Amino acid sequence: MIWEELDAHLDKVPGIVSAYAGRPGARPTWMRRADATHYAASTMKLAVLVALFRAAEAGRLDLDAPVPVRNSFDSALSGAPRFANDRDYDNDEAVWDRVGGEASLRWLAERMIVRSSNLATNICIGQVGLPAVAQAWALAGARHSVTGRGIEDFAARDSGIDNLVTAADLAALLGELALGATRPGPLASPAGCAAMLDVLVAQEHREDLAAGLPDGTRIAHKNGWVRGVRHGAGVVFPDDAPPYTIVVCTTTDLADGGADGEVEDDACRLIAHVSERVWAARHDLAG
């Protein structure tokens, strides 16, 4: 069986590898250490995206209104000085080119996902607030994932305030988005969930989950990476089978691509292999 083969393969990988595969709204077909916590890296941006769309639907934010693009943020640690992002540690020059000007929250949210812009992410968090991000996790049914601070908020990080995810929680959030696009759900309206999925489909970093799929396969996904960590989380929409959720989280020395998400490393290849094998079993996932 594919699942036993995958477990045997992943047993040989150094570090912690968590995985989840199943249909949205159904019991998972395959899980592996799905409740183990990992440093979130950029997968925390999924909950920020949901928080933004929820705030917009509630009338608290206008996604199309311009906001200042400034590289200065309040720390999540009370009393700590403001912090800033490092341009060399980011993945999107387009956002940095607007520093000192303005941009719409909708555009910033898209850059946060499709290019994984850290600067855009912190601006979005500043507009919506960390409590709203926490509520997005809770409404999705997440049990262990937290977004406690912005990116490069080192004072908060050093005090123990961190960003953590599990494979099961990422699958829960993505599954609710997929289901929410077809009927009312807890995260947003069907139109809002469909719009968020469209943003995730436009993801430009395709070195892990997407690399294991046939060309042209629709996948709404977000990945995250720092040295020692590589995650991929998405919903795959085959033409010949119902959608399925797939998440692979790795905390391993195989993830040596550093801050440049376009560097393919062994962790990328590992996630692509899992994605390829789950794709092969897409007709056999429990409904």
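The structure presented is a predicted model; accordingly, all values stated were derived computationally and were not measured. Below, all heavy atoms of this structure are taken into account, side chains as well, without hydrogens, waters or symmetry copies.
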Between [X] (side chain only) and [Y] (backbone N and O only), is there a donor and an acceptor less than 3.5 Å apart?
X	Y	value
N85	I151	yes
D169	H144	yes
R149	A76	no
D92	R115	no
N71	A84	no
R54	Q135	no
T182	L179	yes
E57	S189	yes

Pair [X] + [Y], salt bridge at N-O below 4.0 Å:
X	Y	value
D90	R87	no
R111	D97	no
D265	R230	no
D74	R82	yes
D162	R157	no

Straight-line distance of [X] [atom1] to [Y] [atom2], nearest 0.5 Å:
X	Y	atom1	atom2	value
S275	L270	OG	CG	11.0 Å
L187	L139	CG	CG	6.5 Å
H221	T43	NE2	OG1	13.5 Å
C124	Q127	SG	CD	8.0 Å
M1	W30	CE	CH2	12.0 Å
L105	D64	CG	CG	9.0 Å

Next on the checklist: Exactly one of I16, T252, T251 should register a side chain to side chain contact (heavy atoms under 4.5 Å, CB included) with V229. Which one does?
Outcome noted: T251
Return yes when atom [atom1] of [X] has more than 12 non-hydrogen atoms of other residues, nucleotides or ligands closer than 6.0 Å, and no otherwise.
X	atom1	answer
R183	CZ	yes
D239	CG	no
D240	CG	yes
D198	CG	yes

Item to check | Chi angles and distances behind the side chain to side chain contact (heavy atoms under 4.5 Å, CB included) call for C249, L170 | outcome: CA-CA 10 Å; C249 296; L170 288 167; 3.9 Å; yes
Of the non-hydrogen atoms in [X] and [Y], which two are nearest, and what is the gap between them?
X	Y	answer
G232	D208	CA-OD1, 4.4 Å
A281	W3	CB-CZ2, 3.8 Å
A168	D35	CB-OD1, 3.6 Å
N122	G150	OD1-CA, 3.4 Å
D153	S75	OD1-OG, 2.9 Å
E264	C268	CG-CB, 4.0 Å

Hydrogens and angles aside, do [X] and [Y] bring a side-chain donor and acceptor to less than 3.5 Å of each other?
X	Y	value
K45	N163	no
T121	N118	no
S42	S116	yes

Checklist entry - Would H9 and H273 count as a ring-ring contact (aromatic ring centres under 6.0 Å, His included) if you check the C-alpha gap in whole Å, the side-chain angles of each, and the deciding distance to 0.1 Å? => result CA-CA 10 Å; H9 179 70; H273 172 73; 4.8 Å; yes
Between [X] and [Y], is there shared hydrophobic-cluster membership here, with clusters defined by ILVMFWY side-chain heavy atoms closer than 4.5 Å?
X	Y	result
Y89	M112	no
I246	Y20	no
L164	V17	no
L130	F83	yes
V146	L173	no

Heavy-atom check, side chain of [X] versus side chain of [Y], under 4.5 Å:
X	Y	answer
R218	V201	yes
N223	L209	no
V99	L119	yes
Y39	V226	yes
L213	V236	yes
E152	F73	no

Checklist entry - Which is it for D11 and R32 under the salt bridge (Lys or Arg N to Asp or Glu O under 4.0 Å) test, yes or no, and what are the steps along the way? => result CA-CA 10 Å; D11 282 342; R32 175 190 175 86; 3.0 Å; yes
Item to check | Steps toward side-chain hydrogen bond (donor to acceptor under 3.5 Å, both in side chains) verdict (T147, W137) | outcome: CA-CA 9 Å; T147 302; W137 281 121; 2.9 Å; yes
Item to check | Geometric cation-pi criterion, R98 with W107: 6.0 Å, 45° | outcome: yes
Next on the checklist: Is there a side chain to side chain contact (heavy atoms under 4.5 Å, CB included) between L200 and I113? Walk through the geometry before answering.
Outcome noted: CA-CA 7 Å; L200 294 167; I113 298 298; 3.6 Å; yes
Checklist entry - Step by step, would you call I123 with V67 a side chain to side chain contact (heavy atoms under 4.5 Å, CB included)? => result CA-CA 9 Å; I123 296 170; V67 300; 4.2 Å; yes
Item to check | Residue pair H231, T250: steps toward the side-chain hydrogen bond (donor to acceptor under 3.5 Å, both in side chains) verdict | outcome: CA-CA 6 Å; H231 309 321; T250 74; 5.0 Å; no
Next on the checklist: Students often mix this up, so state it plainly: with edges at 30° and 60°, are the rings of Y244 and W279 parallel, tilted or perpendicular?
Outcome noted: tilted
Item to check | side chain to side chain contact (heavy atoms under 4.5 Å, CB included) between R227 and D256, intermediate numbers included | outcome: CA-CA 5 Å; R227 193 170 301 280; D256 60 1; 3.9 Å; yes
